[in-house]
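Shown next, in structure tokens, is the structure this report addresses.
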Amino acid sequence: MSSRRSDPLAQVSDFDIRLLRLFRSVVECGGFSAAESVLGIGRSAISQQMSDLEQRLGLRLCQRGRAGFALTEEGREVYQSSLQLFGALESFRNGVNGLHRELRGELHIGLTDNLVTVPHMRITHALARLKELGPDVRIQIRMTPPSEVEQGVLDGSLHVGVVPQSHALSGLEYQPLYGERSQLYCAVGHPLFYVDDQQLTDQRLNAQDAIAPTFRLPPEIQSQYQVLNCTASASDREGMAFLILTGRYIGYLADHYAQQWVQQGRLRVLKPASRFYDLTLASVTRKGRRPQLVLETFLEALAKTG
């Protein structure tokens with residue numbers, strides 16, 4: 001090796017790194033024979049791979065023979081450089097692994113309105129757990145009708161949503177969270193507000209102006225609205241509450257949401273034994289989504305709050 005090539009390593013390959021690891025073991029063991037048991041290969045194989053490395057580098061790394069093993073000056077410099085390389089690789093590995101352990105980034109969540117009054121508070125607890133595990137996570141909540149929540153999850157503008165569970169849309173996964181009961185209400189000022197339940201016949205109820213939701217509901221729940229005289233509609237539950245509180249309409253509201261006005265004497269339930277329906281709220285995510293640590297942590301926390 002009397003002549004030297006300029007820049008013999010255009011790039012450091014995986015093969016080069018394997019040879020450098022072998023070289024480091026040989027140096028730290030003090031020779032080829034001592035390295036055999038550590039590397040699990042014979043002396044001739046070690047010698048061949050050392051020769052390969054020297055050829056790759058264009059440098060003589062060590063003296064070997066009857067006089068024993070000894071590094072050349074260039075070999076000592078390559079050994080020190082290899083330690084720097086392995087240290088950098090280890091720092092890279094630790095850094096990447098740290099990214100998997102540290103929660104960073106954003107969570108975009110879409111919610112159907114008026115879930116904050118749900119007694120279970122599963123969403124609230126899951127968000128609190130996420131913030132505890134990842135103080136730097138940025139949470140963005142979008143309150144929007146169920147159809148827009150599902151569309152947002154489909155197009156990727158939302159990571160996860162919570163909606164009333166109806167027919168599953170293709171491309172989405174639904175995970176039931178909890179159920180809620182909705183009952184028929186009217187407000188103070190409505191002709192039925194002070195009428196005894198025993199006098200509230202189905203015919204009389206069905207003749208009142210009522211509110212229909214424009215968001216999707218299961219067929220068995222839609223039938224509850226089909227018998228009503230729906231002369232108004234609303235895209236969300238808050239809109240339905242606005243209209244009911246005018247005292248001019250009857251309509252269905254979730255019990256947990258209506259409770260505040262019932263306690264104030266502003267709403268009353270109508271025929272609670274027969275005019276009600278139960279609805280399942282579900283989390284919704286996109287099928288085939290790429291793993292995202294913030295989202296997966298939130299979903300795991302959501303599952304554990306059940």
Side-chain angles (χ1 to χ4, degrees), residues 109-130 141-153 158-170 172-186 197 205 210-228 230 233-241 244 250-263 267-287 295 298-306:
I109 178 172
L111 300 179
T112 300
D113 61 337
N114 308 127
L115 294 182
V116 72
T117 53
V118 175
H120 306 80
M121 296 188 71
R122 291 187 62 176
I123 301 168
T124 302
H125 294 324
L127 289 172
R129 178 60 176 164
L130 175 64
I141 292 180
R142 185 190 307 174
M143 304 299 299
T144 188
S147 60
E148 294 183 20
V149 172
E150 291 171 312
Q151 184 57 47
V153 175
L158 294 173
H159 296 121
V160 61
V162 178
V163 297
Q165 188 163 0
S166 184
H167 296 298
L169 295 183
S170 176
L172 295 179
E173 293 180 341
Y174 297 81
Q175 184 63 43
L177 295 177
Y178 44 70
E180 66 176 18
R181 172 159 292 191
S182 292
Q183 297 193 101
L184 193 60
Y185 291 91
C186 71
D197 271 347
L205 283 175
I211 310 153
T214 59
F215 49 86
R216 294 186 310 120
L217 289 170
E220 63 273 16
I221 293 178
Q222 291 176 4
S223 63
Q224 296 275 1
Y225 290 93
Q226 290 169 354
V227 299
L228 297 176
C230 294
S233 63
S235 63
D236 51 57
R237 303 192 291 187
E238 187 171 6
M240 299 180 76
I244 295 170
I250 63 174
Y252 285 95
L253 291 176
D255 284 355
H256 61 83
Y257 180 47
Q259 184 179 16
Q260 56 185 315
W261 294 298
V262 172
Q263 292 175 343
L267 287 183
R268 67 156 289 189
V269 65
L270 302 168
K271 302 279 282 191
S274 59
R275 293 298 181 109
F276 68 89
Y277 63 80
D278 296 316
L279 183 65
T280 299
L281 278 297
S283 64
V284 55
T285 52
R286 187 173 57 184
K287 289 182 180 177
L295 173 58
F298 171 74
L299 294 176
E300 182 179 351
L302 198 59
K304 289 181 178 179
T305 60

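Fair warning: this is a prediction, and the values are worked out from it, not measured in the lab.
- Note that the CD1 atom of Ile244 and the OH atom of Tyr185 stand 9.0 Å from one another [nearest 0.5 Å].
- Thr214 approaches Ser235 most closely through the heavy-atom pair OG1-CA, 3.1 Å.
- Across every non-hydrogen atom of Val284 and Val162, the tightest pair is CG1-N, 4.4 Å.
- Partners of Ala234 according to the side-chain contact (heavy atoms from CB on, under 4.5 Å) rule, which considers only residues two or more places apart in sequence or in another chain, are Ile211, Met240.
- For the side-chain contact (heavy atoms from CB on, under 4.5 Å) test, residues two or more places apart in sequence or in another chain that qualify with Gln175 are Ser283.
- Nearest heavy atom pair, residue Gly110 against residue Val149, reads O-CG1, 3.6 Å.
- Under 4.0 Å is where a charged nitrogen must lie from a carboxylate oxygen, and between Asp197 and Arg268 at least one such pair does.
- Between Phe215 and Ser147, the closest side-chain pair of non-hydrogen atoms is not below 4.5 Å.
- The CG atom of Leu302 sits 11.0 Å away from atom NE2 of His125, with the distance rounded to the nearest 0.5 Å.
- The closest donor-acceptor contact from the side chain of Gln224 to the backbone of Phe276 lies under 3.5 Å.
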Original post:
Does the side-chain contact (heavy atoms from CB on, under 4.5 Å) test come out yes or no for Asp255 and Gln183, once each step is laid out?
Top reply: CA-CA 7 Å; Asp255 284 355; Gln183 297 193 101; 3.2 Å; yes

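- Heavy atoms only, all atoms of each residue included: Ile250 and Leu205 are closest at CD1-O, 3.5 Å.
- For the atom pair CG (Leu253) and CG (Leu184), the distance works out to 9.0 Å, reported to the nearest 0.5 Å.
- In this structure, Pro164 and Leu281 have side chains that are in contact, with non-hydrogen atoms separated by less than 4.5 Å.
- Rounding to the nearest 0.5 Å gives a distance of 10.5 Å between CD of Glu148 and OG1 of Thr112.
- Of all the heavy atoms in Phe298 and Leu127, the pair that sits closest is CE1-CD2, 3.6 Å.
- Side-chain contact between Leu270 and Arg275: absent, with no pair of heavy atoms (C-beta onward) separated by less than 4.5 Å.
- Checked by atom type and distance alone, the side chain of Arg237 never pairs as donor or acceptor with a backbone atom of Ala254 at under 3.5 Å.
- Taking CD1 of Ile109 as the reference point, atom CG of Leu295 lies at 9.5 Å (rounded to 0.5 Å).
- Side-chain atoms of Tyr257 never come within 3.5 Å of backbone atoms of Ser182 as a donor-acceptor pair (strictly under, hydrogens ignored).
- Residues Thr280 and Tyr174 form no side-chain contact, since every pair of their non-hydrogen atoms from C-beta on lies 4.5 Å or further apart.
- To the nearest 0.5 angstrom, Glu150 atom CD is 11.0 Å from Leu158 atom CG.
- Residues meeting the side-chain contact (heavy atoms from CB on, under 4.5 Å) test with Ser274, sequence neighbours left out: Lys271.
- Side-chain contact check for Leu217 versus Tyr225: some heavy-atom pair is nearer than 4.5 Å.
- For the residue pair Arg181 and Asp278, the shortest heavy atom distance occurs at NE-OD1, 2.8 Å.
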